[in-house]
Number of protein chains: 2
Amino acid sequence: MAETPDSATETADSSSPGHDCLCPLGGVMDLLSRRYAMQLVCVVDAIGPARYGDIEATFEEVSSSTLSTRLEELVDAGILSREQYDEIPPRVEYELTETGEELGERLEPLLRWAEEIDETELATGQSKER
Amino acid sequence: MAETPDSATETADSSSPGHDCLCPLGGVMDLLSRRYAMQLVCVVDAIGPARYGDIEATFEEVSSSTLSTRLEELVDAGILSREQYDEIPPRVEYELTETGEELGERLEPLLRWAEEIDETELATGQSKER
DNA sequence: TATTTATACTGTCAACTCCGAAGTATTGGA
DNA sequence: TCCAATACTTCGGAGTTGACAGTATAAATA
């Protein structure tokens, strides 16, 4: 990181979009940039095969509609799997796919760090709410 | 990961409200959950002390108003520093703070992985645009 | 002198996306 | 008949984003 910035006349990058810049603007990151998405992956990772109600209970702050949307997106993206049992009352279980577990591994350090930061920030009194 | 959740019995360190769940819903993650935020941290990490124009050029997709907002948020959060030189034409340089670099370290694996995933997804033809 | 250029934004407004409260469907039990 | 339980939808308002235009400054240019 922190490459020499004087590369105004830098070596022929604009010719090809074969950017070595690791900043994907496309699919997965856009998905994960939505509210609660990363945390959602994280809880499913934590509590394993989880029913809708379990997840909802864990995320008191999130409305069911938003939760529903996020779950669907994550399933569509191949990060979560959804297993439906035809019972009454209905039962549905969400679980990480293999891809989802890969993601979880990358997410965990980030979330842990964030938790830490939030605590120290709260301690020093700096608050910035959304 | 998928730790056994019974790690609650560990060292009883935090007197804080219970949750050993590593899914912070507060400040930093909320900030990073906004569109382009993570990628923004990433480019500043990549190109070092960066001027507004440089960043804007890198993110063609982002409007200047949004970029401006994100930068401000990240500066307020202590992730980026902003150095203003009183020259004409004006010059402003953004750089990662120490905290920002910590974040960058956690972000890099995620973004790399995302890039990879997007490529294979594109290859298999599954698309989900925002 | 007047105009252009360069930079880093800010303002405005319309479009888009997100969010939460309340409602839906199903069937067994009181 | 009414209620409970589960996993969602629906709807209208709130919040976010983007396109475009404008601001400030002084040196360079016509």
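Numbers restart at 1 for each chain; the letters A, B, ... are given by sequence-line order, proteins then strands. Predicted model, so just to flag it, every value in this text is computed and none were measured.
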Supply the atom-to-atom distance Arg34(B) CZ to Glu73(B) CD, rounded to the nearest 0.5 angstrom.
4.5 Å

Where the side chain of Val92(A) is concerned, which of dA8(C), dC8(D), dG18(D) is the nearest nucleotide?
dC8(D)

Provide, to the nearest angstrom, the distance between the CG atom belonging to Asp86(B) and the C1' atom belonging to dA8(C).
13 Å

Nucleotide dA8(C), atom C1' - distance to CD1 of Ile55(B) in whole Å:
11 Å

Distance, rounded to the nearest Å, where Glu56(B) contributes CD and dA8(C) contributes C1'
9 Å

Assess Arg70(A) against Tyr36(A): is NZ or CZ under 6.0 Å from the centre of the six-membered ring, and within 45 degrees of the ring's axis?
no

Gap between atoms CD and C1', on Glu60(A) and dC19(C) respectively (whole Å)
17 Å

Send over the distance from Leu71(B) CG to dT17(D) P, rounded to a whole Å.
13 Å

From the candidates dA19(D), dC8(D), dT6(D), the one with an atom nearest any side-chain atom of Pro89(A) is dT6(D)

Arg91(A) side-chain proximity, nearest of dA7(D), dA8(C), dG20(C)
dA7(D)

Taking 4.0 Å as the cut-off, does a side-chain nitrogen or oxygen of Thr66(B) come that near to OP1 or OP2 on dG18(D)?
yes

Could you tell me how far apart Asp30(B) (CG) and dC18(C) (P) are, to the nearest whole angstrom?
14 Å

Testing dC9(C), dT7(C), dG11(C) for proximity to the side chain of Tyr52(B), the answer is dC9(C)

Mind calculating the distance between CG (Leu67(B)) and P (dA8(C)) to the nearest angstrom?
11 Å

Residue-phosphate contact under 4.0 Å: Arg51(B) side-chain N/O, dT7(C) OP1/OP2
no

Quick one: closest heavy-atom pair of Leu96(A) and Val44(A), and the distance?
N-CG1, 3.9 Å

Picking from dC18(C), dA21(C), dT26(C), the nucleotide nearest the side-chain atoms of Ser65(A) would be dA21(C)

Would you say Glu87(A) has more than 12 foreign heavy atoms packed within less than 6.0 Å of its CD?
yes

Compare the minimum distances between each of dT10(D), dT6(D), dA8(C) and the side chain of Pro90(A), then state the nucleotide with the smallest one.
dT6(D)

Val62(A) and Leu40(A): CA distance, side-chain angles, deciding distance, side-chain contact (heavy atoms from CB on, under 4.5 Å) verdict
CA-CA 10 Å; Val62(A) 191; Leu40(A) 186 48; over 6 Å; no

Suppose we call a contact any N or O donor and acceptor under 3.5 Å apart; does that hold for the side chain of Ser64(A) and the base of dT9(D)?
yes

Take atom CG of Asp54(A) and atom P of dA5(D), then tell me their distance rounded to the nearest Å.
15 Å

Nucleotide nearest Arg70(A) when distance is taken to its side chain, options dG20(C), dT16(D), dC18(C):
dC18(C)

Between Ser63(B) and dG18(D), is there a side-chain N or O to OP1/OP2 distance below 4.0 Å?
yes

Candidates dA26(D), dC19(C), dT27(C) - which lies nearest the side chain of Ile88(A)
dT27(C)

Describe the nucleic acid contact of Tyr85(B) in one word from base, sugar-phosphate, nothing, applying a heavy-atom distance below 4.0 Å.
nothing

Taking the side chain of Arg82(B) as its heavy atoms from C-beta onward, which of dC9(C), dC19(C), dT7(C) lies nearest to it?
dC9(C)

Using a cut-off of less than 4.0 Å, is there contact between a side-chain N or O of Arg35(B) and OP1 or OP2 of dT17(D)?
no

Can you check whether Gly27(A)'s main-chain N or O pairs, donor with acceptor, with Asp30(A)'s side chain at less than 3.5 Å?
no

